[in-house]
Structures are given as C-alpha cells and as structure tokens.
Protein chains: 2
Amino acid sequence: MATGRTHRPATRSRGIPEATVARLPLYLRALTALSERSVPTVSSEELAAAAGVNSAKLRKDFSYLGSYGTRGVGYDVEYLVYQISRELGLTQDWPVVIVGIGNLGAALANYGGFASRGFRVAALIDADPAMAGKPVAGIPVQHSDDLEKIIQDNGVSIGVIATPAGAAQAVCERLVAAGVTSILNFAPTVLSVPDGVDVRKVDLSIELQILAFHEQRKAGEVAAASDGGVPAAAARNESADQGPDGDMPAVMPA
Amino acid sequence: MATGRTHRPATRSRGIPEATVARLPLYLRALTALSERSVPTVSSEELAAAAGVNSAKLRKDFSYLGSYGTRGVGYDVEYLVYQISRELGLTQDWPVVIVGIGNLGAALANYGGFASRGFRVAALIDADPAMAGKPVAGIPVQHSDDLEKIIQDNGVSIGVIATPAGAAQAVCERLVAAGVTSILNFAPTVLSVPDGVDVRKVDLSIELQILAFHEQRKAGEVAAASDGGVPAAAARNESADQGPDGDMPAVMPA
DNA sequence: CCATCTTTGTGCACGCGTTCACAAAGACAT
DNA sequence: ATGTCTTTGTGAACGCGTGCACAAAGATGG
C-alpha cells in the first residue's frame, strides 16, 4: 500500500468507513475483469478470492453501499461496477496535473491506469525551463510559472506531486492556493496543508524499509542477539548510508 | 499510503505492532534530517510534528523499541537513528532486483531513496530482448531468462515487480521459486504467494480513486441526489472508461 | 404451494491501534 | 540537598475494523 493518508482521524465520510473506501478500487478492478469476460453474476466468495480479501469483509463492505446482490445468486457484475464507480466518483471526469516531470513524473504521465478510470492528465508542469514545450506521453510540458493559470483554466482539483522533496511543500502551497483540494504526494516529505485538503502519500523507500524489517526477522530469528548497551553514537556505519545523495534534502521545511 | 500489505493478519512480529513498524521509516527520515543539521536532541513533541503524527503515538511507538530517551530532555538524535536503523534492518546491505524496466522500472532504478537506505539495486531485469545490455541508471538490463541465476548469484531476497499486470504473477512465482521472500509489487494485480513470503503493494490508480471519493464528497454534498433505482446495466457510460487500454489485462490470473 | 438449497446481510464479540492523562524520572537552578 | 520544571513512558478507556456464525431471503425443483 502506498503509505496511509495524512491527517483526517479516520473520518467516516457519511457512513462508509475509510478502510472500505480503500478496498472499493480493488473490488472494482476485479469486477471490471469479470465484466470483460462477460461474466453476468458473481458470488461474494468468488469476488473476494479475486480481490484477495475474505468474503465476510467483502459482504460487509458492500452492505455500506446498499443492498445490491441477490441471496442465493450473488451480485450482478455490471450493476455493481456501476454502483462502485458512482460511489467512488469515477463516473465523472477528473482533470489532474502532474508537477515534476522527472523519471517518476514521466512514468506517471505514461501510466495507463489513470486514463482508464476517468482521470485525465490535463497538464504536465516542471520548473526546468529546458523541459518547457517538450512532449512527454504526448503532452507538452509547461513551465511552473503558469501553474496557477493552468489549474484554474482546467478546473483541476487533484494534483500529483513528483518533485524532489525540497520543492514539494512550496509546490503544494501553490497548488492549494490555486484551488487544488486533493494531493497525491510522491515526494518523500511530510506535507502540511490546511483543513479541507486531502493528502495521500506514496513513498517507495518506506515500503522497502517495511519489507526489510520483516525480511530481517525471517532471516535472523537467531542472529538478533548483539543487543543492549550501544555507546550512544559509536556504531551506525556498517554498510548502510553509502552515498550522501538520497531522498532527503539538506534543509527541511520543518 | 501505498495500499496495505497482502495476507498477514497483522502479525505482531515480536511485540512491535505493524502500525508502528510502518511509521518507523517516517521517524527515521525526520531524524536523519535533524542529524544533518547537527541537532543533538529532540523532544517527542518536535519530532512528532516533523513526522506528521501526534506525540503520544510517537512515544508509544518508541516504547516498543525500548527506553531510549531522557525525561526532561528528549531523545538523542544520533542514538535514535542508530536504534531505528538497526530495528528496521537497515544496518545491513539489501540487494534488490527490479523486474520490468518500463517507464516505472526506470524511474525506480534512478530513485535515490533506495541507495541511501542500504538498498542496492543488484540487477535490472526485463523480458524484452531489445532491452538487454542497455544501461539504465548506469546498470545494464539483463534478460529475464537469467532471472533465477541473477537472484542466486547475488543472494537477493527482495524483488520489485514493475511489469504489466499480465506478467506479474508469473514473474512473482519465478522470483519466489528462486529464493525471493519479500516482494514490492507495482503491478495492478493481486499476487498470490505461499506462506512466508511478504508482499507489499503500491497501486497508483487506487490512490487516485480514493482521492476522487473524498473529492466528490467535498464537491457535491448536494448534487448526490440522483440515487436509487438504476435499471441494472443501463447507465455506466458517461465519461469514465474511455480507452480500452489501462491497467487491467484482458485476462486475469484468477 | 412447499421443501430444499444457496448465498446474502448483519448482530456480536474480539483485538488492534489511538488517545488521554498522569505518575515517575531526571535535568537544572538555588 | 531540595524544589521546581520539563518531558518521558505507560495504564486505561475508547473506537474502529475484522471475522464468526446465523437468520432471513430468494432461487430452484418437485
């Protein structure tokens, strides 16, 4: 999972739990696959297996949406696709801007999963003047001087930040000031935003670190003995920390 | 958040809750920034603010690691950096392979956040023969025929999958068979793996869909009235679903 | 129309995670 | 030494999410 949301103490937006909302896209994907195979109905058991969750959870999730589904039969695939799409707001068009067209930004611009779900890349924005006009994924990159105008002209409410960490907070503030109220942040920084703005964070290195934790545990249930009283700052350099570059800017917003 | 882990019913690995483990990298990043500024100590309040969590949670998280920290003063930054690094297993070197060197794979190969945390990109692997030998981020791409040999020669236990969805499960099985026990999956598919293998998923389009849900709620607390009895399969095509491409393969593993 | 069989929808209990609030611990000044 | 002040570490309460297990609902067949 991309790492969790920021702020928002699990606000149950109208009765649909956050945890359920986070799973709806999963169900939608599985249902879309079934739909393409022209499968008319599916039981909670089958769909749960396809989505990788247990069936009781799936049924409870759907119960928050309403009583779609027929006892003894299952769920109508097409109908459920529609209902979930509507609930997620995917029946409307969402113009999105991507700020920071480096390797990652370009990958995002090319990513098919956006367009196929009602998300339209309205503009690519970068601070490098050399990038301006250069097409990426068929869309010409625009300079960040025009950020505010681009947001307003296109009615953008969702922004994707793929800049270096050092630039993220400033970009974020400009996006918010221009009217963006949802941000997907790929920069390895904690963004601070005013109330009413949603931020979701995707942090590649955090995911790897979590895996490393479990990996270490699997590998050395035994070797984890050299514990105890390390003299404060003595140890540390073993093999990690090679290369002063990395994902962290020398200065940090706060 | 990249979306959550698959399987593993919140196994509390030795007393450190999963939720805490997921936040340790966050603390580590904030602490590293402080360390670079040569800040000697930090209070739970300050550090919590920098990491974007509340201070009580941070203190409880640290209490699972042990009683580092001095009452009345705070935490020794260097010492804490070391302790968290050790706990996460970052004091050792983790060779990683990236499979699928498309836009995203290339972006990952270039991503600085990996190298700076003890993760070393041991190899790039792609199924396209035309890619073989071509250097990406200074590392020559190798053909997937040699996947097993690469894994074994380098002692790789962590694999990153950045292939199209259709290829992900097959790649996953080959990785696991070759000895990989932790997988970071960027392909929009549910991977099924044997017990003992950890999978974490990062799904870009899911994150956007969750944002869209909240965005819709913010935008139209009012306009959400056309509800009720939709005739099963009638609606659906409005503006979403343009383009049959996307993140979902026509056939799905299961 | 009745019986049987399948599958949904949900009440309930349990466990994890979060937060509060405070006692204990130590620094620091006098 | 003693007192004050800061900040940690944690017991306890609470709330959310999960999973069990079953009653209700409807399909299907005779």
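Reminder, nothing fancy here: chain letters follow the sequence lines and each chain counts from 1.
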| field | Ring centroid separation Y111(B) to F114(B) under 6.0 Å | value |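 Yes.
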| Ring centers of F62(B), Y68(B) separated by less than 6.0 Å |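 Between F62(B) and Y68(B), the centre distance exceeds or equals 6.0 Å.
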| query | Step by step, would you call T20(A) with D61(A) a side chain to side chain donor-acceptor pair (under 3.5 Å)? | reply | CA-CA 6 Å; T20(A) 295; D61(A) 283 342; 2.7 Å; yes
| query | Are the side chain of S43(B) and the backbone N or O of E46(B) linked by a donor-acceptor pair below 3.5 Å? | reply |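 Yes: the side chain of S43(B) pairs with the backbone of E46(B).
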| task | Mark yes or no for whether Q169(B), through its side chain, and S192(B), through its backbone, hold a donor-acceptor pair below 3.5 Å. | result |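 Judged by distance alone, yes, a pair lies under 3.5 Å.
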Spacing between [X] atom [atom1] and [N] atom [atom2], to the nearest angstrom:
X	N	atom1	atom2	result
R23(A)	dG17(D)	CZ	C1'	8 Å
E18(A)	dG17(C)	CD	P	17 Å
D61(B)	dT10(D)	CG	P	13 Å
L58(A)	dC20(D)	CG	P	14 Å

| message | Checking contacts here: which listed nucleotide (dT18(D), dG17(C), dT19(C)) is nearest the side-chain heavy atoms of K57(A)? | response |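 Nearest listed nucleotide: dT18(D).
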| remark: Once base and sugar-phosphate atoms are separated, protein heavy atoms under 4.0 Å mark nucleotides 2-12 of chain C, 5' to 3', with B, S and - as ----BBBBBBB
| Residues two or more places apart in sequence or in another chain: which of them pass side-chain contact (heavy atoms from CB on, under 4.5 Å) with S157(B)? |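 Only E215(A), W94(B), T181(B) meet the side-chain contact (heavy atoms from CB on, under 4.5 Å) criterion with S157(B).
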